[in-house]
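In what follows, chains carry the letters A, B, and so on, assigned in the order in which the sequence lines appear, proteins first and then strands, with residues in each chain numbered from 1.
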Number of protein chains: 2
Amino acid sequence: MSDREQNSSKRTTIYDLAKLANTSPTAVSSILNGTWKKRRISKRLAEEVTRLAEEQGYSTNIQASLLRRARSNIVGMIVPKYDNRYFGDMAERFEAMARERGLFPVVTCTQRNPDLEMEAAKELLSFQAETLIATGATDPDRITALCKAAGVTSINLDLPGSAAPSIISDNYAAARALTEMILDRCAADLGWTGPLHFVGGRMSDHNTLERLRGFRDAQTARGITPVEQNVLARGYSADQSEAALEQLRVTGPMGLFVNSTISLEGVMRWITTHRDEAEHPIRFGTFDWDPFGAFLPGNVGMARQDVGGMLAHLFALIENGGEVTAPILVPCSLESIAAAR
Amino acid sequence: MSDREQNSSKRTTIYDLAKLANTSPTAVSSILNGTWKKRRISKRLAEEVTRLAEEQGYSTNIQASLLRRARSNIVGMIVPKYDNRYFGDMAERFEAMARERGLFPVVTCTQRNPDLEMEAAKELLSFQAETLIATGATDPDRITALCKAAGVTSINLDLPGSAAPSIISDNYAAARALTEMILDRCAADLGWTGPLHFVGGRMSDHNTLERLRGFRDAQTARGITPVEQNVLARGYSADQSEAALEQLRVTGPMGLFVNSTISLEGVMRWITTHRDEAEHPIRFGTFDWDPFGAFLPGNVGMARQDVGGMLAHLFALIENGGEVTAPILVPCSLESIAAAR
DNA sequence: CAATGTTGCTCAACCGATGGAGCATGATTG
DNA sequence: CAATCATGCTCCATCGGTTGAGCAACATTG
């Protein structure tokens with residue numbers, strides 16, 4: 001008795017179905033993958049096989065199928081984290097949009113860990129991904145090199161690289177607008193004119209640098225001289241932002257540019273434990289959006305990155321290809337938060 | 001000239017490497033997959049081939065590899081959403097823990113859409129997943145049936161099913177404790193004793209029912225008679241919670257059990273637009289945790305589900321197998337939020 | 001120095017699905 | 001009624017790795 005005949009733990013294959021339907025594996029295959037009309041298989045047989053497949057709980061062995069097929073339609077994406085709305089939306093909507101287009105999304109999370117980033121990229125290449133999206137990658141160019149060697153297209157998202165097309169937020173413009181908003185509200189609510197503080201992010205990170213540029217230019221444009229010591233960019237984690245703020249001794253009013261919702265967690269912890277609003281009032285704005293941001297006392301606005309817009313550009317690139325040029329800049333929207341009553 | 005010789009877009013295979021190293025594909029394969037010592041391949045050749053593979057940017061074709069191998073080591077997981085910390089952490093830590101164990105995580109997001117749920121499950125079966133984790137699934141038993149037919153183990157997470165082992169939070173106990181906390185704070189802060197309101201979730205959902213049971217019992221135990229009209233469980237979305245609250249005409253103090261951070265978004269919108277804290281003060285507690293929850297005025301506590309604990313149980317089940325018994329209940333932690341100053 | 005063991009490989013079958021080529025059978029046409 | 005066509009299939013090679021079996025060449029042992 002062959003292995004195939006015992007209906008044990010082994011998964012059903014087209015050979016099993018062929019035997020059951022008294023036909024050939026080829027017929028079964030073409031029926032189940034939709035090419036049966038082209039192959040002039042009768043409707044009768046097609047229905048019979050479909051019924052049997054259902055009944056037996058058959059599912060195609062993608063491994064076998066992809067091995068044989070020319071195209072995999074797999075688009076891989078690496079994402080640093082799922083702990084904020086920005087990357088969460090990115091992953092979720094990427095999956096949805098890929099499916100809509102008949103592509104096969106495979107997303108994996110790399111924990112902001114450069115080694116894991118590379119490993120995950122290799123993994124996705126092993127899966128025969130045809131395109132690899134590196135989202136917020138620490139070293140996008142290394143990933144691009146990997147992909148190039150395998151003949152795979154890669155695209156950078158959120159953080160730019162020099163070796164593949166990049167789609168990023170217009171960090172400068174949004175940071176400048178957000179800074180203006182913070183200044184306005186400091187003036188209106190507190191009668192205070194800066195200079196502001198900046199917290200969160202990394203100086204090695206393109207986005208942080210661009211946001212800082214906007215942060216500085218907005219102040220300079222109003223005749224305020226930005227203070228270098230006011231920039232606390234020692235990482236994205238909440239703990240580091242909190243620690244950096246704790247070392248400050250700011251008395252009097254304060255205006256703060258918070259560079260990410262992750263840093264905002266640290267900011268909020270610091271505010272609630274170390275500041276007395278009546279004595280040392282604070283106003284801040286956040287680069288990035290969170291649904292609870294609007295309800296945090298002191299938050300005057302959020303720069304919301306346009307995930308949908310970025311993904312639209314992304315899929316245009318996937319479908320039509322694209323040159324390695326300057327990064328595509330996607331504008332952010334600025335959400336203003338009314339003063340608390 | 002064969003296709004294999006032209007170094008064009010085609011990916012490098014073990015056959016290419018074998019030709020370059022003047023050896024056999026078998027040797028190359030065993031060197032690259034680590035079985036070369038067992039196969040008594042010389043260190044010299046192993047190093048040479050490894051070097052070549054690196055140089056050529058070789059990556060294993062997982063499809064081919066898995067097709068032949070007996071085991072895939074793939075563990076699939078479906079997750080409804082990435083728009084809250086609970087599921088985000090779940091996905092992220094699942095990936096990390098799976099990797100630690102030499103397994104291959106593939107996570108996909110189903111948008112709380114029952115059809116997509118089934119499709120995604122089929123997809124993961126096609127990928128030869130050996131285990132499928134259905135997280136927060138609408139119809140876990142249908143997924144289990146699918147898996148059974150394919151001879152694949154399935155495990156329910158977050159929401160229980162009757163056909164596969166389930167790991168869920170101890171919703172009853174946590175809801176009861178949270179309700180007590182809300183009652184305590186209503187009494188302490190407002191000098192008011194209930195009965196409380198409940199918002200968010202679905203009456204068809206096991207977790208909501210268990211939480212409601214805890215909600216009711218906690219009140220009854222204090223001699224408060226729960227009011228059925230106070231239960232507003234018409235879905236998990238923020239909009240629906242907001243709309244349900246808008247239809248209320250509650251004057252005077254109010255105590256609210258918020259069933260999920262998603263519903264909390266709606267609650268916060270309603271509070272900020274429709275309530276005047278001085279006139280109609282409100283205290284609420286949230287089932288589920290969000291980093292910004294602690295800073296929302298009126299929030300007295302959060303029941304935080306123990307993602308790490310649930311996943312520990314999950315991997316124990318994956319590794320040792322498990323019977324279909326009553327769901328494993330994982331206790332939640334209760335985070336108390338001090339009164340605003 | 002024949003028997004046995006060790007080292008370092010190669011060969012060929014196989015995993016499951018796919019697609020081009022091909023082959024009966026019956027219907028249609030000149 | 002032979003030639004042609006349409007219908008409804010089947011056969012077989014193939015994708016790229018993996019694995020058990022096997023085979024030279026050399027070393028060791030009784």
Side-chain angles (χ1 to χ4, degrees), chain A residues 2-4 9-49 53 56 58-74 125-128 130 150-151, chain B residues 2-4 9-49 53 56 58-74 125-128 130 150-151:
Chain A
S2 96
D3 235 300
R4 196 154 277 153
S9 64
K10 286 277 188 185
R11 293 188 188 187
T12 313
T13 69
I14 52 168
Y15 299 92
D16 302 325
L17 294 178
K19 216 162 277 179
L20 284 172
N22 235 315
T23 182
S24 70
T26 305
V28 174
S29 169
S30 66
I31 289 164
L32 296 174
N33 70 25
T35 57
W36 58 280
K37 278 184 186 160
K38 206 172 63 192
R39 285 187 148 266
R40 296 188 312 235
I41 303 292
S42 66
K43 199 165 186 176
R44 209 195 48 72
L45 183 60
E47 276 161 4
E48 164 74 354
V49 168
Q56 300 289 313
Y58 171 85
S59 78
T60 312
N61 183 326
I62 295 235
Q63 263 74 46
S65 175
L66 289 187
L67 180 56
R68 185 66 227 280
R69 285 172 119 95
R71 301 202 47 192
S72 74
N73 284 330
I74 293 179
L125 290 182
S126 283
F127 266 100
Q128 307 305 102
E130 290 171 351
Chain B
S2 95
D3 236 301
R4 195 154 277 155
S9 62
K10 287 277 187 184
R11 294 189 188 186
T12 313
T13 69
I14 52 166
Y15 298 93
D16 302 324
L17 294 177
K19 216 162 277 178
L20 284 172
N22 234 316
T23 182
S24 70
T26 304
V28 174
S29 170
S30 66
I31 289 163
L32 297 174
N33 71 23
T35 57
W36 57 281
K37 278 183 187 159
K38 204 173 66 193
R39 286 188 149 265
R40 296 187 313 235
I41 302 292
S42 66
K43 199 166 187 177
R44 210 194 48 74
L45 183 60
E47 277 163 3
E48 163 74 355
V49 167
Q56 300 289 312
Y58 171 83
S59 77
T60 312
N61 183 327
I62 295 233
Q63 263 75 45
S65 174
L66 290 188
L67 179 56
R68 184 64 227 277
R69 286 173 118 95
R71 301 202 46 191
S72 73
N73 285 328
I74 293 179
L125 291 182
S126 282
F127 265 100
Q128 307 304 104
E130 290 171 350

**Message:** Nearest to the Thr35(A) side chain among dG16(D), dA17(C), dG19(C), which nucleotide is it?
**Reply:**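 For Thr35(A), the side-chain atoms sit closest to dG19(C).
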Indicate every side-chain donor-acceptor pair of residues 31-38 of chain B with a distance under 3.5 Å to a residue at least two apart or in another chain.
from, atom 1, to, atom 2, distance (Å)
Asn33(B), OD1, Thr35(B), N, 3.1
Asn33(B), OD1, Thr35(B), OG1, 2.7
Asn33(B), ND2, Ser29(B), O, 3.3

**Request:** Return the minimal non-hydrogen interatomic distance between Leu67(B) and Ala64(A), and the atom names on each side.
**Result:**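 Taking Leu67(B) first and Ala64(A) second, the nearest heavy atoms are CD1-CB, 3.6 Å.
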Rounding to an integer number of Å, can you tell me how far [X] [atom1] sits from [N] [atom2]?
X: Ile14(B); N: dT18(D); atom1: CD1; atom2: P; value: 7 Å
X: Glu47(A); N: dC9(D); atom1: CD; atom2: P; value: 12 Å
X: Arg71(B); N: dT18(D); atom1: CZ; atom2: C1'; value: 16 Å
X: Arg69(B); N: dG16(D); atom1: CZ; atom2: P; value: 18 Å
X: Gln128(B); N: dC15(C); atom1: CD; atom2: C1'; value: 10 Å
X: Ile31(A); N: dG8(D); atom1: CD1; atom2: P; value: 12 Å
X: Trp36(B); N: dT19(D); atom1: CH2; atom2: C1'; value: 19 Å
X: Asp16(B); N: dC15(D); atom1: CG; atom2: C1'; value: 13 Å

**Request:** Starting at CG of Leu20(A), measure out to CG of Leu17(A) and round the result to the nearest 0.5 Å.
**Result:**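 So the gap between those two atoms works out to 6.5 Å.
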**Fill in**
Its contact letters, B for base, S for sugar-phosphate only and - for none at protein heavy atoms under 4.0 Å, make nucleotides 3-13 of chain C read ----BBBBBBB
**Request:** With sequence neighbours excluded, tell me which residues meet salt bridge (Lys or Arg N to Asp or Glu O under 4.0 Å) with Arg44(A).
**Result:**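 So Arg44(A) forms no salt bridge (Lys or Arg N to Asp or Glu O under 4.0 Å) with any residue.
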**Request:** Kindly determine whether Ile62(B) and Gln128(A) satisfy side chain to side chain contact (heavy atoms under 4.5 Å, CB included), including the steps that lead there.
**Result:** CA-CA 8 Å; Ile62(B) 295 233; Gln128(A) 307 305 102; over 6 Å; no
**Asked** For Leu125(B), does its backbone N or O pair with a side-chain atom of Arg11(A) as donor and acceptor, under 3.5 Å?
**Response**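 Side chain of Arg11(A) to backbone of Leu125(B): a pair is present.
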**Asked** Can you check whether Asn33(B) has a side-chain N or O nearer than 4.0 Å to OP1 or OP2 of dT18(D)?
**Response**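 Looking at the OP1 and OP2 atoms of dT18(D), one of them is under 4.0 Å from a side-chain N or O of Asn33(B).
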